[in-house]
Number of protein chains: 2
Amino acid sequence: MPSQPTEPTQPSAELVDMLVQSAFTTMAVLTRIAAAHDLSLTQLRVLGILRDRQVRMTELADYLGLEKSTMSGLIARAQARGLVQRVPNPTDGRAVDVRLTAVGHELANRAATRVAAELAPSTAGLSANEQRRLAGALHRTIS
Amino acid sequence: MPSQPTEPTQPSAELVDMLVQSAFTTMAVLTRIAAAHDLSLTQLRVLGILRDRQVRMTELADYLGLEKSTMSGLIARAQARGLVQRVPNPTDGRAVDVRLTAVGHELANRAATRVAAELAPSTAGLSANEQRRLAGALHRTIS
DNA sequence: TATTGTTATACTCTATAACTATA
DNA sequence: TATAGTTATAGAGTATAACAATA
């Protein structure tokens, strides 16, 4: 049963502040988990992206909002640790695809489990109804 | 008028995912605004913290989760740009207080205005009622 | 010509360790 | 002795510019 609908209004300064605070809290959790696995936040994101697909360097850079030269270094370090592999793109001779190794997959899965476990409590006090509403609201903040 | 209360439940994977996505989106906005003012995200945070108070190096480091040596470099660069000042703490001869200069204040205010302006649209579609509920929910994710 | 990716270079961010000064 | 802060050092993350290979 939804609340009484009200007119859309200008967001309060408190809400924006809350959004920022919540973002920093979430990032702190992610950064801590990354560090516990000897990864940077960016590397953790890369592993997350590659978990279910294999993408080209440029796609990765675009998605993360980084320069391709930055990706080269990032992937080089991950590769040196045996977490990812570079494979030639089958249809474009210039492109390089990146994918997780078995070790990378295992690490990505372990980290993802930790993330879910650590962030879950922060929303565990919410009722199912509130969770749906929060997810819906956050979804609108994303697009 | 609140919704029909329901029992607290385990947060869905989607909600956790949404929290993470929303955090990355928010951080991207903040990072972009910081860069537009030639600041790093951390420097922007420092300006934000110092906006309404003057704190010691260690407090700053603790709040940001950084080492004090990291703070020394960070503050040194901000000071070189004329954004902050180091002043001796009046009651503890070992401590150093940091505070914004007039230029730093102006920059902090301009950045804060931009942050509010850019994040507001993401929540503008929500009704006042929904905004209150989102703020409340986010607040609970923070503690 | 335009795109994909790498390399060279430089600067910021970050931590660890060693140090000075004050409590 | 313990705490506050700085400096020296080193490594990761980042961008810009120049480059090679492919489209």
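Chain A is the first sequence line, chain B the second, and so forth, proteins listed ahead of strands; every chain is numbered from 1. Basis for what follows: all heavy atoms, side chains included, without hydrogens, waters or symmetry-related copies. On a predicted model such as this, the values are computed, not experimentally measured, just so you know.
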Separation of atom CE in B:Met57 from atom P in D:dT7, rounded to whole Å
10 Å
Rounded to the Å, how far apart are A:Leu60 CG and C:dG5 C1'?
13 Å
Give the rounded distance in Å between these two atoms: CD of B:Glu67 and C1' of D:dA12.
16 Å
Just so I know, are the side chains of A:Arg56 and A:Asp92 near enough to count as touching, which here means a heavy-atom distance under 4.5 Å?
yes
Nearest non-hydrogen partners of A:Val103 and A:Gly82, listed with the distance:
CB-O, 3.9 Å
Taking every heavy atom of B:Ile75 against every heavy atom of B:Leu60, the minimum-distance pair comes out as CD1-CD2, 4.0 Å
Considering just the side-chain nitrogens and oxygens of B:Ser40, establish if one lies under 4.0 Å of OP1 or OP2 belonging to C:dT12.
no
Closest approach of A:Ala111 and A:Leu44, non-hydrogen atoms and distance?
CB-CD1, 3.6 Å
Where do B:Gln43 and B:Ala78 come nearest, in terms of heavy atoms and distance?
NE2-N, 4.2 Å
Look at all strands and tell whether A:Ser72 reaches a base, only sugar-phosphate, or nothing, counting heavy atoms closer than 4.0 Å.
base
Between P of D:dT16 and CG of A:Leu66, the distance in whole Å:
11 Å
What is the distance from CZ of B:Arg81 to C1' of C:dT12, rounded to the nearest Å?
12 Å
Strictly below 4.0 Å: does B:Gln43 bring a side-chain N or O up to OP1 or OP2 of C:dT12?
no
Both B:Thr70 and A:Gly73 contact DNA chain D. Which one's nearest nucleotide lies toward the 5' end?
B:Thr70
Whole-Å distance, B:Met27 CE to D:dT14 C1', equals 16 Å
Contact letters for nucleotides 17-23 of chain D, in which S counts primed atoms plus P, OP1 and OP2 and B counts the base, heavy atoms under 4.0 Å
B----BS
Below the 4.0 Å mark, does D:dG5 have OP1 or OP2 next to a side-chain nitrogen or oxygen of B:Arg86?
no
To the nearest angstrom, the CG-P distance between A:Leu41 and C:dA15 comes to 14 Å
Atom CG of A:Asp97 and atom P of C:dT4: how far apart are they, to the nearest Å?
13 Å
Look at the side chain of A:Ser22 and the backbone N and O of A:Met18, then say whether any donor-acceptor pair between them is shorter than 3.5 Å.
no
State whether B:Arg77 places a side-chain N or O below 4.0 Å from either non-bridging phosphate oxygen (OP1 or OP2) of C:dT12.
no
Select from B:Thr58 and A:Thr42 the residue whose nearest nucleotide in DNA chain D is closer to the 5' end of that strand.
B:Thr58
Which atom names give the shortest non-hydrogen contact between B:Arg51 and B:His105, and what distance separates them?
O-NE2, 3.1 Å
